[in-house]
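Below is one structure, written out as structure tokens, with a few remarks after it.
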Amino acid sequence: VHLRTAVADDEIEYQETAGHLCTIRYPIPGTDDAVLVSTTRPETMLGDTAVAVHPDDPRFKHLIGKTVTLPLTGREIPIVGDAILVDPEFGTGCVKVTPAHDPNDYQTGLRHNLPMINLMNPDGTYNENAGLYEGLDRREVRKRVVSDLEAGGLLARVEPYTNRVGLSDRSKTPIEPYLSDQWFVRMGDEPDGSAGFAQKAMDAVTSGAMKIHPERYAKSYLDWLGEKRDWCISRQLWWGHRIPIWYARCPEAELKRAFAGRDDVTWRLDEENGQWLVCALDDLPADALGDKYPLTQDPDVLDTWFSSALWPHSTLGWPEPTPELEYYYPTNVLVTSRDIITLWVARMVITGLYNLGQVPFADVYIHPKILDGFGETMSKMKGNGIDPLDIIERYGTDALRFTMVYLATETQDSRMPVANVCPHCGTLVPVKQEHMSMRTRKVTCPNCKKPFRPGGPWPAPDAELTTAKQASDKFDMGRNFANKIWNAARFLLLNLEGYTPAAIHLDGLPPEDRWILSRLSSVTQAVTGQLEAFRFSEAARSVYEFTWSEFCDWYVEMSKGRLRNPDTRPLAQRMLAGLLDAILRLAAPIMPFVAESIWQALNEAAFERGLPGPEPATESVVIAPWPAFPVEWQDPVRERRTELMKDLVKAVREIRAHYQVDSRTKLNVFVRCRAETALHLEGAAPLLELLEGAHLADDGCGPDTRKPPQSAAHVHPDFEVYVSLAGLIDVPAEIKRLEKQRGDKSKALQGTRAKLENVNFRDKAPPEVVQQQRAAVADLEKQLHVIEENLRELRQDVQ
RNA sequence: GGGCGCUUAGCUCAGCUGGCUAGAGCACCAGCUCGACACGCUGGGGGUCACAGGUUCGAAUCCUGUAGCGCCCACCA
């Protein structure tokens with residue numbers, strides 16, 4: 001495929017290609033001598049207009065100013081000295097110069113005022129300048145040139161050579177550099193020295209008018225713009241915005257007459273071609289100047305990035321001063337990928353500043369990328385992409401979105417191993433590397449042995465093979481979380497009968513309410529900060545953690561008893577409704593669909609709700625105000641108290657699980673602790689009852705509690721728990737349990753002691769850190785002591 | 001060649017300004033169909049934080065180097 005268009009440097013991709021390096025003799029007239037030049041593109045020698053050597057190269061210095069005869073053409077071309085083009089160490093030290101067909105040679109040509117001979121037609125065939133080779137395709141010319149040189153004894157040698165060939169991104173055919181007229185946008189500064197396009201776009205970032213997050217990406221933006229390379233914006237393609245230039249050959253008076261009073265039309269003279277270049281905002285009809293002087297529009301179209309650069313304002317109705325443009329421009333945040341910071345972002349800034357005088361957005365957030373399972377960027381070409389629709393169908397939209405946000409960390413790209421879902425039996429068949437790049441058209445299911453086509457971007461359906469859908473268990477997390485929220489909401493909705501709205505008063509609240517409000521206030525504050533700082537992954541983690549591990553795992557469980565008691569039920573309902581309301585608002589940006597559907601259901605059951613006081617709910621969660629709660633609700637002491645109770649419950653659970661005691665069997669629990677801790681654990685008895693089916697007697701918690709016979713122990717920094725297991729206790733197993741606890745604790749003790757024994761640590765570390773370590777040692781020693789005691793008793797039991 | 005980033009549990013990733021026994025999800029093991037949820041609950045196993053130096057009382061965290069990987073840019077007649 002030949003696209004026959006100009007391409008930008010950034011549309012070229014290089015590929016290592018095995019080719020040949022030909023060394024050709026260029027005879028020096030009047031002598032038997034010749035200079036040797038090497039090239040990977042021998043056919044371009046027809047357009048050589050010089051041979052260059054390094055000006056300081058002793059081997060060739062004396063030749064500068066002389067000429068050589070260009071083989072096959074007989075043209076005499078000069079030998080020039082050029083320190084930029086020539087590396088004397090490389091090859092023969094002599095370089096053929098083909099200004100019309102190589103960018104470096106072009107620059108060399110300009111430096112030495114060399115003629116530029118364009119050999120090629122736009123279709124890649126050679127033109128009349130190629131003499132005998134006219135009309136032949138470039139590849140054919142290469143063959144002929146080589147054999148003709150060989151026949152003439154002018155081909156010194158041909159060696160195998162691997163070089164990097166520039167291929168078009170789009171067509172994957174080799175780029176042929178050649179001279180053509182193109183349209184450029186000048187990026188450099190104005191002739192008077194004032195800032196040009198590139199500089200203005202740089203200033204937008206250095207002045208802080210536009211911030212790039214994470215900050216390090218500002219560097220690629222500034223570095224690239226700093227080169228101020230002119231932007232070639234014309235393309236010889238069919239699809240695209242046409243270049244708004246019309247050509248006319250007429251007296252200027254005609255233009256003045258036809259466009260009198262129009263400030264959207266300008267023109268200037270193209271002296272080289274003796275015509276007017278007319279530029280207009282709106283399309284000009286061919287007969288705008290009358291039949292005598294037809295206007296013809298330039299056939300080229302704009303670079304797609306030029307059109308894209310207009311996106312932030314052209315989508316809002318520009319150039320008309322629409323209300324939308326007025327209201328939305330400049331926008332707030334652009335979210336995009338790092339590889340188009342230059343191609344797209346920089347150019348949006350340039351056109352935004354030029355057309356509207358303001359940057360198009362205040363913040364640019366660059367997200368990490370999802371890579372394929374092998375760590376490579378996904379691309380259509382490679383065929384290693386994943387179809388979001390497959391994921392949505394299998395896991396849900398919110399699952400997709402949540403997982404993506406969860407993975408949007410600050411630096412780390414994320415690999416996404418993908419599996420094909422066997423269309424016959426549903427087995428997940430992991431994608432292997434050899435399935436990539438469309439090489440594998442057919443995979444056999446290891447389970448049902450039937451064939452299918454792996455999922456991916458296939459150009460057309462396959463009549464014989466069903467194409468598999470794609471899956472990736474990375475989305476389990478999002479799906480499970482959506483489901484968790486859904487079920488928590490269901491629980492609440494089933495328990496809202498008789499709900500009455502009323503304000504919450506902090507003072508009368510039970511400890512678990514104080515705790516969850518403290519957590520809610522902290523978490524809401526954290527999520528708000530994380531979103532503002534573009535730390536999306538952290539925000540997702542905060543919402544997930546709070547909702548699942550705190551609200552569902554503990555608060556909802558704790559509320560079950562209260563909902564059964566008519567005295568405590570109304571408050572529990574208000575708390576739960578208010579909490580769910582807050583969770584939905586926090587989750588809405590990340591899981592909009594689940595949040596919205598629950599919001600609607602909640603509006604039916606508890607229209608007026610909220611913390612601390614009830615308010616009528618908004619019609620939709622998307623217009624609900626972002627939540628914020630009093631900082632005074634944050635109460636470290638209450639949080640600590642709840643943590644202690646949770647630890648107590650967990651200790652009992654651990655024992656129950658270890659002895660595999662049926663959950664319906666009631667356990668008797670005894671706690672030995674300091675009086676102060678006992679105070680903190682005051683509310684623990686009902687929780688143990690509710691959550692663990694465990695009984696803690698009124699006098700079972702305090703400094704005087706004694707270890708009951710036949711019991712299992714768990715030693716916590718703040719308390720010792722004993723669970724009576726008369727008839728169930730397995731003494732050797734219990735010894736093993738305690739020995740493991742002892743192992744863990746003494747390992748920690750060792751580490752901490754070692755630190756304290758270090759004089760330098762005691763002298764140089766901050767006192768509070770030293771103090772903390774001392775306390776830790778004391779705690780651990782005490783715990784170990786208790787464990788030892790328990791072990792001794794158990795060993796006596798055995799004997 | 002220049003720049004940026006990464007390397008932590010079997011897999012995919014957290015770990016912000018250095019300081020409790022390094023965390024999560026999935027996977028794995030054991031036990032749970034008790035009134036939101038088996039897409040679940042409970043308990044558990046699993047890590048020389050790539051490697052080598054250095055700074056520090058103390059390093060997954062800071063510095064230097066090495067190796068591997070990814071991306072962007074430049075470019076080899």
Side-chain angles (χ1 to χ4, degrees), chain A residues 9-10 14 21 37-41 44 52 85-87 90-98 102-105 163-164 166 216-217 219-220 223-224 227 338-339 341-342 368-369 371 373-377 395-396 399 403 406-407 409-417 472-474 476-477 479-495 533 535 537-538 541 544-545 549 552-553 556-557 560 650 653-658 660-664 693 717 744-745 747-752 755 758-766 768-770 772-773 775-776 779-780:
Chain A
D9 288 344
D10 31 52
Y14 290 90
L21 186 67
V37 299
S38 297
T39 178
T40 53
R41 292 186 301 152
T44 62
L85 182 70
V86 183
D87 171 8
F90 189 91
T92 62
C94 304
V95 186
K96 61 193 271 312
V97 184
T98 322
D102 181 281
N104 289 316
D105 291 4
N163 77 332
R164 301 186 53 200
R216 74 190 125 90
Y217 289 114
K219 189 175 152 51
S220 18
D223 284 356
W224 183 80
E227 292 189 29
R338 68 175 102 87
D339 35 15
I341 292 173
T342 54
K369 296 214 281 190
L371 310 174
F374 311 99
E376 289 182 42
T377 309
Y395 303 91
T403 305
Y406 187 86
L407 293 174
T409 59
E410 191 158 336
T411 51
Q412 179 68 62
D413 288 344
S414 192
R415 291 179 184 215
M416 179 72 64
S472 174
D473 60 16
K474 295 298 145 213
D476 283 353
M477 175 178 246
R479 180 198 55 186
N480 295 353
F481 184 43
N483 194 248
K484 189 72 181 179
I485 298 184
W486 182 261
N487 277 303
R490 208 165 69 127
F491 165 78
L492 174 57
L493 292 167
L494 290 171
N495 281 288
R535 295 172 172 270
S537 172
E538 287 176 29
R541 282 164 211 264
Y544 180 95
E545 185 67 21
S549 309
C552 290
D553 285 355
V556 168
E557 291 307 319
K560 285 180 178 170
K650 284 195 230 171
R653 269 182 195 160
E654 192 257 314
I655 292 168
R656 188 194 284 278
H658 190 85
Q660 303 200 350
V661 181
D662 188 276
S663 61
R664 274 159 299 202
D744 292 348
K745 307 242 185 215
K747 199 176 133 202
L749 181 60
Q750 254 176 15
T752 318
K755 265 189 203 169
N758 185 337
V759 189
N760 288 324
F761 174 72
R762 295 201 305 263
D763 291 352
K764 297 191 182 174
E768 64 271 19
V769 174
V770 178
Q772 193 188 2
Q773 295 297 307
D779 269 355
L780 285 165

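In what follows, chains carry the letters A, B, and so on, assigned in the order in which the sequence lines appear, proteins first and then strands, with residues in each chain numbered from 1. Fair warning: this is a prediction, and the values are worked out from it, not measured in the lab.
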Checklist entry - Are A/Asn758 and A/Lys764 close enough, and set up right, to give a side chain to side chain contact (heavy atoms under 4.5 Å, CB included), and what steps lead you there? => result CA-CA 10 Å; A/Asn758 185 337; A/Lys764 297 191 182 174; over 6 Å; no
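Contact of A/Thr377 with B/C71 (side chain to base): no donor-acceptor pair of N or O atoms is detected under 3.5 Å. A donor and an acceptor atom sit less than 3.5 Å apart, one in the side chain of A/Glu557 and one in the base of B/A36.
With B/U33, B/G43, B/C72 as the choices, the nucleotide that has an atom nearest any side-chain atom of A/Glu654 turns out to be B/G43. For A/Asp553, the listed nucleotide lying nearest its side chain is B/U42; candidates were B/C13, B/C71, B/U42. In the set B/U12, B/C57, B/C34, B/U12 carries the atom at the smallest distance from any side-chain atom of A/Lys474. Comparing B/A14, B/U33, B/C37 by their nearest atom to the side chain of A/Asn483 picks out B/C37. Comparing B/A36, B/G43, B/A14 by their closest approach to the side chain of A/Leu494 singles out B/A36. The side chain of A/Ala657 lies closest to B/U42 when the candidates are B/C39, B/U42, B/C11. Comparing B/C37, B/C13, B/C34 by their closest approach to the side chain of A/Ser663 singles out B/C34.
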Item to check | Watson-Crick and G-U pairing of RNA chain B, under 3.5 Å, as dot-bracket with | and [ ] | outcome: (((((((..((((.....[...)))).(((((.......))))).....(((((..]....))))))))))))....
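At the heavy-atom level, A/Pro368 lies nowhere under 4.0 Å from the strands shown.
Side-chain contact check for A/Glu410 versus A/Ser537: every heavy-atom pair is 4.5 Å or farther apart.
Here the separation of B/U12 from B/C51, taken at their C1' atoms, is 23 Å to the nearest Å.
Contact annotation: A/Ser414 side-chain N/O to B/C13 OP1/OP2 distance is under 4.0 Å.
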